[in-house]
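Since the structure comes first, as structure tokens, the remarks are kept for the end.
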Amino acid sequence: MSRDAATIHPGVVAEPQLYGLLAEFSGPQELLDAAAKVRAAGYSDWDCHSPFPVHGLDKAMGVKPTILPWLVLGGGVSGIVGALALAAFCNGFDYPLIFSGKPYWGMPPHVFIAFPAMILLGAVTSVFGFMALAGLPRFYHPLFSSKRFQKVTDDGFFISISAQDPRFSVRWTGEMLRGIGATAIEEIKD
Amino acid sequence: MSTTANVKLPVDLDNTFESVIGESPLVTGDASFHGVTEVVSHVSESRHPPKAWYVGMAISLSLLGLMGVMILYELFVGVGVWGNNQPVSWGFPIINFVFWVGIAHAGTLISAILLLFRQKWRTGINRFAEATTVFAVACAGIFPAIHVGRPWLAYWLAPYPNVMRDWPNFYSPLLWDALAVGTYTTVSVLFWYTGMIPDLATLRDRATGRIKQIAYGIFSLGWRGSAKHWALLEKAVYLLAALATALVLGVSSTVSTDFAVSEIPAWHETIFPPYFTGGAIFSGFAVVLALAIPARELFGLKEVITKRHIDNLAKILLVMSSIVLYIYVIEYFIAYYSGSSFERFPYLNRLFGPYWWLGWGIMFCNGVVPQVFWFKWARNNPWLGVAVGILVNMGMWMERFTIIIISLHRDFVPSSWHMFVPTYVDICTLAGSFGLFFTLFLLFCRYIPMVAMYEVKSILPQAQVHHHEPVAVAGEAADASPEAGVAGVPTV
């Protein structure tokens with residue numbers, strides 16, 4: 001929206017919009033406790049940020065289990081089926097190889113084709129599935145404008161609540177975050 | 001308890017004992033979250049690497065150059081420049097291929113199997129081990145490519161519709177090899193990289209120069225430590241670990257099957273897949289031991305690669321050595337027990353033939369030397385660890401020489417027997433592959449976080465948290481929520 005305004009009225013600098021609030025917590029236990037409370041307070045568009053995976057955090061936040069394992073299973077199975085079909089088509093049908101009296105299509109040697117194909121497609125699905133489900137790569141994010149947020153890859157623990165959340169209000173959300181133990185709160189502009 | 005405690009432990013703390021009150025610490029020195037970041041990141045942030053890095057780089061680059069010259073010479077003149085002959089048609093290239101593939105395996109195994117078994121101490125060494133995998137696979141891949149003589153026709157291995165209207169032979173071990181090694185390269189690079197994304201983000205956030213910011217920024221994909229992303233990343237890494245573990249066994253078995261499908265005595269054996277896998281894990285752990293010890297000294301990583309890590313590696317090496325020794329004994333026994341003189345001969349030839357010193361050498365290096373790790377003083381002596389690691393790898397190279405050359409040079413018909421003597425091109429190419437490995441390894445030490453920082457942080461005592469079901473806290477938080485509703489914010 002702001003981009004449209006700038007194109008229609010050149011020279012008018014669009015007012016930066018509020019992305020949300022960023023609250024810092026002093027440690028993983030504090031983050032975990034705070035996350036449970038933010039969830040209990042009924043927020044839906046929010047996230048936790050930590051320098052390492054805090055175990056139990058996704059449970060406290062109520063994040064649903066990912067479908068990634070099913071995608072990987074699909075990748076692996078299509079690897080097996082694809083490889084066997086390819087070998088059967090090439091050596092058994094399109095150009096049958098008559099080779100020391102062996103059958104055109106034999107399972108034992110084709111294990112060596114199907115197995116790596118299963119692993120390869122499974123692994124590729126797991127990496128690109130992770131990226132797709134996580135929405136990465138995403139090189140720009142409003143949170144990166146915060147100097148404080150750089151600590152998230154070192155020793156900082158944060159909760160960010162988006163201004164898009166239906167329950168969001170700068171004043172009350174800020175108060176709630178302070179009430180559940182935030183050591184610092186910052187407004188993030190987009 | 002859960003706050004970022006600033007515990008300072010002595011860097012050289014002996015944490016190899018089993019404590020009665022709990023686990024002994026896996027990180028010594030400044031064991032805070034920030035302390036771990038500092039220790040690991042300073043390696044790639046210091047203005048100049050240690051002097052030894054430059055010396056190592058100069059040597060590695062010269063060897064790499066030597067390898068380049070030797071490969072070009074071989075390509076222009078032909079494979080006749082090697083010592084390969086009839087009946088020894090598989091010479092150094094295949095020895096080196098199997099040798100490097102073996103080294104590669106440990107990285108995946110250390111990383112993947114120890115992850116699946118939830119061994120916390122792996123966090124200090126897994127990045128390292130995965131790096132050795134990637135670089136060793138790079139070295140391994142070169143040898144079959146040049147061994148085929150005309151590597152520019154390597155694409156013939158791919159099943160693509162062509163003017164000759166034929167297809168690759170899926171019964172051929174050469175094709176299996178290409179698929180196994182190609183898959184292994186891809187998967188180990190993906191596994192290594194995926195586990196590294198959060199650490200690259202750490203370097204991005206700490207980078208001061210523009211080029212570094214952009215480079216680390218691109219490769220860290222815009223990582224922001226989101227809990228949802230962590231959950232996905234951990235799942236992806238677990239899945240990759242499970243796949244990679246299966247793949248390691250698959251690749252070693254494929255490589256061994258190249259031999260086992262032939263009819264050469266001492267190749268045509270059902271024990272080959274576990275034999276090659278065991279040897280591969282053994283040599284890989286030895287390489288990790290031999291590299292981790294100098295690296296922790298050189299780059300000041302004693303806080304995260306502690307005495308306990310070295311101790312554990314030494315114990316695994318001892319176990320693997322015993323397994324390998326057992327397989328050697330079984331091989332000799334089965335040859336004797338078969339009652340076939342053709343089966344028995346290659347084994348007698350190994351111990352008492354013209355290459356007898358190799359036959360006994362592998363017994364000594366692989367079976368006897370690592371037994372020193374039964375003693376605690378030996379496991380606690382880092383430089384002894386390096387020495388054993390190097391001896392084991394010499395032993396494993398000799399083992400591959402034994403399997404390939406000694407089995408081939410005297411086959412069924414004595415009139416076709418022939419000795420194998422490597423040429424200087426063989427030896428220089430082998431030396432050059434070490435140059436390639438160490439060039440990549442030194443670059444890795446300098447530009448990529450050598451230790452998985454986020455994984456080390458997650459095993460620190462202050463990272464252990466407990467989630468209480470929010471029954472009690474819901475009431476507390478409810479204080480804030482109705483007011484938020486009152487403030488005119490629409491609720492769903």
Side-chain angles (χ1 to χ4, degrees), chain A residues 26-29 32 36-37 40-42 47-54 56-61 63 66 68-69 72 86-87 90-91 94-95 97 99 109-110 112-113 115-116 119-120 122-123 126-127 130 133-134 136-139 141 143 150 152-155 166-169 172 176 179, chain B residues 2-4 33-34 37 159 165-167 169-171 176 179-180 183 186-187 190 194 198 201-202 205 217 221-222 224-236 239-240 243 246-247 250 254 454 457-458 462-463 465 467 470 473-474 476-478 480-481 483-484 487 489-492:
Chain A
S26 49
Q29 185 69 56
L32 188 69
K37 291 173 188 169
D47 207 346
C48 295
H49 306 267
S50 57
F52 55 85
V54 177
L57 193 55
D58 41 347
K59 213 174 168 188
M61 289 172 69
V63 178
T66 159
L68 190 62
V72 173
L86 181 72
C90 295
N91 289 171
D94 195 52
Y95 193 95
L97 278 178
F99 189 61
H110 289 161
F112 293 98
I113 309 295
F115 183 78
I119 305 274
L120 183 63
S126 127
V127 173
F130 148 68
L133 293 172
L136 295 174
R138 175 173 176 181
F139 295 113
H141 195 279
L143 288 173
Q150 287 192 352
V152 76
T153 54
D154 178 12
D155 60 354
R167 305 204 78 142
F168 183 85
S169 109
W172 294 112
M176 188 267 305
Chain B
S2 64
T3 41
T4 325
F33 298 136
H34 182 65
T37 316
R165 285 214 58 232
D166 63 357
W167 296 97
N169 177 8
F170 286 94
Y171 287 74
W176 304 344
L179 195 56
T183 302
T186 317
V187 173
L190 286 176
T194 312
T202 303
D205 288 346
L221 307 176
R224 51 184 192 277
S226 153
K228 294 166 192 165
H229 294 178
W230 276 124
L232 276 167
L233 181 87
E234 282 204 301
K235 190 65 87 183
L239 288 165
L240 281 172
L243 290 169
L247 180 62
T254 306
Y454 74 90
K457 287 175 197 171
S458 72
Q462 65 267 33
V465 292
H467 172 47
V473 290
E476 260 177 76
S481 57
E483 288 165 278
V489 181
T491 43
V492 261

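Convention: sequence-line order gives letters A, B, ...; per-chain numbering from 1.
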Inset, instruction - Indicate yes or no for a side-chain donor-acceptor contact from A/His49 to the backbone of B/Arg224 under 3.5 Å, with no hydrogens or angles considered. - result: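 Yes; judged by distance alone, with no hydrogens or angles, the pair exists.
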Legend entry - Short side-chain to backbone donor-acceptor contact, B/Lys235 and A/Phe130, under 3.5 Å: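 Not a single qualifying donor-acceptor pair exists.
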Inset, instruction - For A/Asp94, check salt bridge (charged side-chain N to carboxylate O under 4.0 Å, His left out) against everything at least two apart and list the hits. - result: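 For A/Asp94, the residues satisfying salt bridge (charged side-chain N to carboxylate O under 4.0 Å, His left out) (neighbours in sequence not counted) are B/Arg165.
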Legend entry - Sequence-distant partners of A/Asp47, side-chain hydrogen bond (donor to acceptor under 3.5 Å, both in side chains), two or more places apart: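 Residues passing side-chain hydrogen bond (donor to acceptor under 3.5 Å, both in side chains) with A/Asp47: B/Ser226.
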Inset, instruction - Among the options B/Thr194, B/Val187, B/Leu179, B/Thr186, pick out the one with the most heavy-atom pairs lying under 4.5 Å from chain A. - result: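 Most pairs with chain A among the choices: B/Leu179.
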Legend entry - Residue selection (most heavy-atom pairs with chain A, distance under 4.5 Å) from B/Thr183, B/Asp166, B/Asn169: B/Thr183
Inset, instruction - Go through A/Ile113, A/Val72, A/Val54, A/Leu86 and name the one with the most non-hydrogen pairs under 4.5 angstrom from chain B. - result: A/Ile113
Legend entry - Winner by heavy-atom pair count (cut-off under 4.5 Å) against chain B, out of A/Val127, A/Val152, A/Leu143: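 Between A/Val127, A/Val152, A/Leu143, the count favours A/Val127.
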Inset, instruction - Can you tell which part of A/Asp58 gets under 4.5 Å to a heavy atom of chain B, answering side chain, backbone, both or neither? - result: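 Side chain only.
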Inset, instruction - Against chain B, label A/Thr66 side chain, backbone, both or neither, depending on which of its atoms sit under 4.5 Å from a heavy atom there. - result: side chain
Legend entry - OG1 on B/Thr254 to CZ on A/Phe115, rounded to 0.5 Å: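 Nearest 0.5 Å value for the CZ-OG1 distance: 8.0 Å.
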